[in-house]
J.: 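The structure under discussion is supplied below as structure tokens; questions concerning it will follow.
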Amino acid sequence: MTAEGMKRPIRRALVSVYDKTGLEELARGLHTAGVELVSTGSTAAKIAAAGVPVTKVEELTGFPECLDGRVKTLHPRVHAGILADQRLDSHRKQLDELGVRPFELVIVNLYPFRETVASGASPDECVEQIDIGGPSMVRAAAKNHPSVAVVVNPERYDELLAAVEDGGFDLAARKRLAAEAFQHTAAYDMAVANWFAEGYGADEGPWPDFIGISYARKQVLRYGENPHQPAALYLDPTGTGLANAEQLHGKEMSYNNFVDTDAARRAAYDHADPCVAIIKHANPCGIAVGADVAEAHRKAHACDPLSAFGGVIAVNQPVSVAMAEQVAEIFTEVIVAPDYEDGAVEVLARKKNIRVLRCADAPAAHGESRPIEGGLLVQAKDRLQAEGDDPANWTLATGEALSADELAELAFAWKACRAVKSNAILLAKDGATVGVGMGQVNRVDSAKLAVQRAGEERTRGSYAASDAFFPFPDGLEVLTSAGIKAVAQPGGSVRDEQVVEAAEAAGVTMYFTGTRHFFH
Ligand SMILES: NC(=O)c1ncn([C@@H]2O[C@H](COP(=O)(O)O)[C@@H](O)[C@H]2O)c1NC=O
């Protein structure tokens with residue numbers, strides 16, 4: 001037998017758990033298998049109440065649990081029992097001399113620090129929930145995995161009982177458990193370190209001097225952006241957002257599906273009315289609002305049906321059966337919505353492959369980050385602001401002031417433009433995009449693309465938005481000569497005067513928003 005396959009029988013276990021899920025069954029099972037149990041305060045009380053013999057830690061240490069539980073297991077009799085390397089004659093001899101008996105199993109889970117912080121508890125209450133003795137035992141047992149098995153997750157109890165009855169865990173299993181244990185304490189410490197950094201660290205503005213990130217693998221993906229790139233999806237500890245969406249139907253999500261679905265949600269949630277965004281390669285090929293989601297979808301799809309083929313659809317409200325019927329007619333990679341009305345998923349499921357996702361959370365408002373070589377860029381999310389994105393705060397740069405309805409049309413174009421990769425020029429009419437020019441390295445080409453996509457008829461009388469100022473009049477002139485009615489742009493170029501003159505000469509209304517929405 002290989003060393004990896006060698007099992008270590010479990011005779012004595014140390015059990016100290018905050019989360020007591022499954023504890024009684026576990027204790028009974030261990031006892032039946034002949035394992036002696038040693039345990040702390042209320043864990044021991046619960047085991048004893050279940051009629052299972054248990055030794056209290058304080059009987060073992062000869063020292064009372066004290067300081068409101070701050071000191072329970074922090075004792076050499078406990079830690080020598082966990083840390084003795086049973087492969088070494090010298091360690092076994094020392095344990096004998098000291099009268100310490102070894103543990104072969106440690107079962108611990110930690111005080112709920114993260115949950116306590118999330119509950120809005122006071123700093124003192126949060127600090128009290130920083131587990132000290134628990135991580136010490138977990139780390140000690142994980143370090144000593146050649147001799148000790150460590151279990152930190154109640155979901156492993158069934159597996160644990162099966163292993164105990166089967167002669168114990170082999171070394172390979174103890175290594176896996178040790179890896180899980182160190183992940184558990186590392187993620188725990190990361191939460192503590194972040195909390196301290198945010199509250200007590202040397203901040204600069206809102207930026208803590210340390211950001212700890214812990215991710216746990218959710219799934220291995222078929223491949224990454226391209227088939228030769230291996231890829232996987234990891235989850236952060238928030239348990240929210242797209243990465244945690246529930247898949248109701250369809251093929252497994254791919255890397256690109258996730259990227260596009262993220263972009264689609266970003267676009268769809270900018271509008272209060274029922275809104276549908278259709279995304280290809282992280283850019284919108286249609287965004288529209290409507291009286292209901294079915295109408296919004298028809299309008300969004302009409303923007304660019306050619307590009308919408310194989311698109312990713314996000315909706316900001318539950319999908320109706322009527323909308324599902326429409327989507328089922330079009331080849332669609334993914335649809336994501338906060339929910340689905342009765343029967344809608346069944347209609348969508350007529351297409352075998354379409355991935356149907358339910359994600360109840362709106363996209364999070366907190367910061368966003370982007371790794372660069374050797375570092376991480378972090379910024380506040382580009383949300384729509386009260387100023388700048390509210391037409392009430394815009395400045396009329398030239399032309400006739402728009403009516404309230406017309407201004408709402410221009411505001412829709414402005415908001416929709418935020419979801420387009422820079423340089424972005426977007427044309428809209430009747431609460432729907434009609435032409436989107438995205439991702440060009442100059443604004444003139446983006447303008448040309450938007451006009452070309454909209455076509456002559458739809459461009460005439462449309463409402464245009466530019467994600468950043470026009471550095472020269474040329475980009476604007478592409479739009480005005482194609483007949484747009486009005487345009488919203490941040491303003492702020494050194495050549496604003498020339499740009500305003502060009503708009504004036506064309507008889508086009510121009511508003512300065514004062515806010516920029518670059519999106520790279
Ligand atoms: N201080 C200690 O020596 C100590 N030893 C174990 N704990 C924790 O106490 C909890 C279990 O305590 P109880 O059995 O009293 O419910 C576990 O979450 C364990 O991680 C401790 N608590 C905090 O550090």
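For ligands, and for the atoms within them, numbers begin at 1 and follow the listed sequence.
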J.: Checking contacts here: is it the side chain or the backbone of V71 that comes within 4.0 Å of ligand 1, counting heavy atoms only? Could be both or neither.
T.: backbone
J.: Among all protein non-hydrogen atoms, which one is nearest to atom 13 (P) of ligand 1, and what is the separation to 0.1 Å?
T.: S42 OG, 3.3 Å
J.: Can you find an N/O atom of G133 closer than 3.5 Å to an N/O atom of ligand 1?
T.: yes
J.: Counting heavy atoms not belonging to E252, are there more than 12 under 6.0 Å from its CD?
T.: yes
J.: Establish, yes or no, whether the cationic atom of R174 lies under 6.0 Å from the six-membered ring centre of F169 and within 45° of the ring axis.
T.: no
J.: Has ligand 1 got any nitrogen or oxygen that is less than 3.5 angstrom from a nitrogen or oxygen of G69?
T.: yes
J.: Does any non-hydrogen side-chain atom of L110 lie less than 4.5 Å from one of H184?
T.: yes
J.: Does the N or O separation between I132 and ligand 1 drop below 3.5 Å for any pair?
T.: yes
J.: To which of T43, L74, I47, L23 does the heavy atom nearest atom 14 (O) of ligand 1 belong?
T.: T43
J.: So with a 6.0 Å cut-off around CG of D96, is the heavy-atom count from everything else above 12?
T.: yes
J.: Which residue supplies the protein heavy atom nearest to atom 18 (O) of ligand 1, what is that atom called, and how far is it?
T.: N109 O, 2.6 Å
J.: Considering only heavy atoms of S16, which atoms of ligand 1 have at least one such atom less than 4.0 Å away?
T.: 6 (C), 8 (C), 9 (O), 10 (C), 11 (C), 17 (C), 19 (C)
J.: Strictly distance-based, threshold 3.5 Å: is any side-chain N or O of Y188 a donor or acceptor partner for the main-chain N or O of D131?
T.: yes
J.: In the protein, what heavy atom is nearest to atom 2 (C) of ligand 1, and what distance, to one decimal place, separates them?
T.: K72 N, 3.3 Å
J.: Please could you name the atoms of ligand 1 that Y18 approaches to less than 4.0 Å, counting only its heavy atoms?
T.: 17 (C), 18 (O)
J.: Answer side chain, backbone, both or neither: which part of E65 comes under 4.0 Å from ligand 1, heavy atoms only.
T.: neither
J.: Quick one: do D85 and R87 make a salt bridge, cutoff under 4.0 Å?
T.: yes
J.: Surrounding CZ of R139 (heavy atoms of other residues, nucleotides or ligands, distance under 6.0 Å), is the total greater than 12?
T.: no
J.: Could you go step by step and tell me if H520 and F518 meet the ring pair (Phe, Tyr, Trp, His ring centres under 6.0 Å) rule?
T.: CA-CA 6 Å; H520 291 89; F518 268 161; 5.3 Å; yes
J.: If the cut-off is 4.0 Å to any non-hydrogen atom of T40, which atoms of ligand 1 fall inside it?
T.: 11 (C), 12 (O), 13 (P), 14 (O)
J.: If hydrogens are left out, which of D131, T73, V108, D68 has an atom nearest to atom 23 (C) of ligand 1, that is, the closest non-hydrogen atom?
T.: D131
J.: Under a 4.0 angstrom heavy-atom cut-off, which atoms of ligand 1 come close to K20?
T.: 16 (O)
